[in-house]
Amino acid sequence: MLGVAGGIAAYKSAELLRRFTESGHSVRVLPTAAALEFVGAATFEALSGQPVHTGVFHDVPAVPHVKLGQEADLVVVAPATADLLARAAQGRADDLLTAALLTARCPVLFAPAMHTEMWEHPATRANVELLRSRGAVVLEPASGRLTGKDTGPGRLPDPAEIAELARLLLERASALPRDLVGRRVVVSAGGTREALDPVRFLGNRSSGRQGYALARVAAQRGAHVTLVAGHTADLADPAAVDVVHVGSALQMREAMHAAVKGADAVVMAAAVADFRPVSLVGHKIKKGAGDPAPLVLTQNPDILIELVGARETGQVVVGFAAETGDDTGDPLHHGRQKLARKGVDLLVVNAVGDGLAFEVADNAGWLLGADGSETVLGSGSKALLASHLWDAVAARLS
Ligand code: CTP
């Protein structure tokens with residue numbers, strides 16, 4: 001079920017709906033009457049292929065509010081306005097959406113969107129807490145430009161982000177716990193780019209998706225998150241996350257050392273270039289005649305090993321290892337060696353190559369602990385892998 005409440009962000013629900021149907025889900029859209037002031041019922045009917053009603057007096061013999069609630073595997077309300085959150089928190093049933101929310105027994109995800117003042121009002125805060133205490137997932141909104149010229153928290157998170165977290169709720173047996181409230185975590189993501197001249201660089205195929213999923217999931221579990229982002233596949237900044245954009249490994253190193261002070265957990269998911277050109281040419285290297293001069297490279301610092309060396313008491317440090325396996329051993333063997341060599345508390349080992357891990361939506365691997373624990377991370381979304389990792393981090397922090 002996709003509930004749509006009456007806010008200007010209602011237009012983004014059409015994209016969300018499209019993402020759900022294109023990934024194979026059957027979606028019944030339940031807009032409020034106010035939502036239809038913003039987006040016509042025909043849009044939702046055409047994109048979902050299902051009828052759209054706002055009240056409980058259509059198709060009465062089918063008792064739709066009961067049927068829809070009982071049949072749903074997941075309810076997503078996007079946007080959830082202050083009014084909708086208030087009505088849901090109070091258990092009102094004055095339209096089809098709120099009535100169906102009362103009959104649904106599946107996970108429920110609210111994606112709020114409203115002006116900052118409304119989001120921060122004690123009445124809304126109390127409604128959000130009440131809904132969360134009952135097990136609903138109420139996303140933190142994004143910060144940024146609102147309807148007019150004003151900016152602040154209250155923007156609807158990017159539809160891709162809502163879709164990712166919705167899928168996570170379907171994959172995870174339990175709702176997202178708010179177990180990182182009061183924690184500060186730092187995540188690195190994406191690939192670094194090592195400049196050769198003003199227009200060329202050495203890069204890698206990291207999309208940044210795994211690191212962004214880690215940041216998103218941590219923020220929605222209540223953590224204060226700093227994301228140090230290298231180059232990514234044009235990903236939108238996650239909602240409720242402080243993002244520091246960097247280019248090279250040396251810039252990432254500086255940003256990470258600054259960000260990890262006082263942090264409870266640090267996750268290096270970035271694909272840091274191991275080497276950089278010895279010298280950066282200040283002008284575009286011209287083709288000239290004959291073969292170019294060989295590239296002379298030097299090794300970049302290992303940021304993860306530096307962070308382990310500077311680790312504060314109680315800080316949990318996590319690394320990633322992308323391994324293909326070779327004559328000397330399989331990916332897991334290399335992962336075990338890397339865990340010891342890097343000195344991290346946890347290491348996520350991904351098998352890469354042959355369409356695995358890089359530039360794809362899903363991920364699988366192993367989670368190795370310095371305490372000798374080894375957990376298989378079955379195939380699932382990058383958000384699911386992120387969620388398993390935060391489970392392990394949260395357990396170590398407590
Ligand atoms: N890493 C880092 N700084 C580097 C290289 C890697 O912080 N200069 C981090 C990565 O972010 C990752 C972990 O180290 O968390 C392992 O990265 P990986 O590329 O698998 O390992 P390498 O140390 O580069 O070893 P190798 O390439 O020999 O497998």
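Start at 1 and go down the list; that is how both ligands and their atoms are numbered. What you are looking at is a predicted structure, and each value in this text was computed from that prediction instead of being measured.
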Only heavy atoms of [X], strictly under 4.0 Å: list the atoms of ligand 1 that pass.
X    : answer
R341 : 23 (O), 25 (O)
G319 : 15 (O)
A322 : 20 (O)
A321 : 20 (O)
P301 : 3 (N), 4 (C), 8 (N)
A270 : 10 (C), 11 (O)
L304 : 2 (C), 7 (O), 9 (C), 13 (C), 14 (O), 15 (O)

Validation row: [X], [Y] side chains within 4.5 angstrom (heavy atoms):
X    : Y    : value
L214 : W390 : yes
V137 : P107 : no
R253 : S248 : no
M268 : L307 : yes
D242 : V244 : no
L368 : L332 : yes

For ligand 1, is any non-hydrogen atom under 4.0 Å from [X]'s backbone (N, CA, C, O), its side chain (CB onward), both, or neither?
X    : answer
D302 : both
A249 : neither
H334 : neither

When you measure from atom 23 (O) of ligand 1 to every protein heavy atom, which one gives the shortest distance, and what is it? K342 NZ, 2.6 Å
To the nearest 0.1 Å, how far is atom 13 (C) of ligand 1 from its closest protein heavy atom, and which atom is that?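 Minimum-distance protein heavy atom for atom 13 (C) of ligand 1 reads F320 O, 3.0 Å.
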Looking only at distances, please establish whether an N/O atom of ligand 1 is found under 3.5 Å from an N/O atom of [X].
X    : result
I303 : yes
N300 : no
M268 : yes
A269 : no

May I ask you to decide if [Y]'s main-chain N or O and [X]'s side chain share a donor-acceptor pair within less than 3.5 Å?
X    : Y    : value
R216 : L165 : no
R183 : G222 : no
S23  : R19  : yes

CG-CG distance between D302 and D274, expressed to the nearest 0.5 angstrom: 7.5 Å
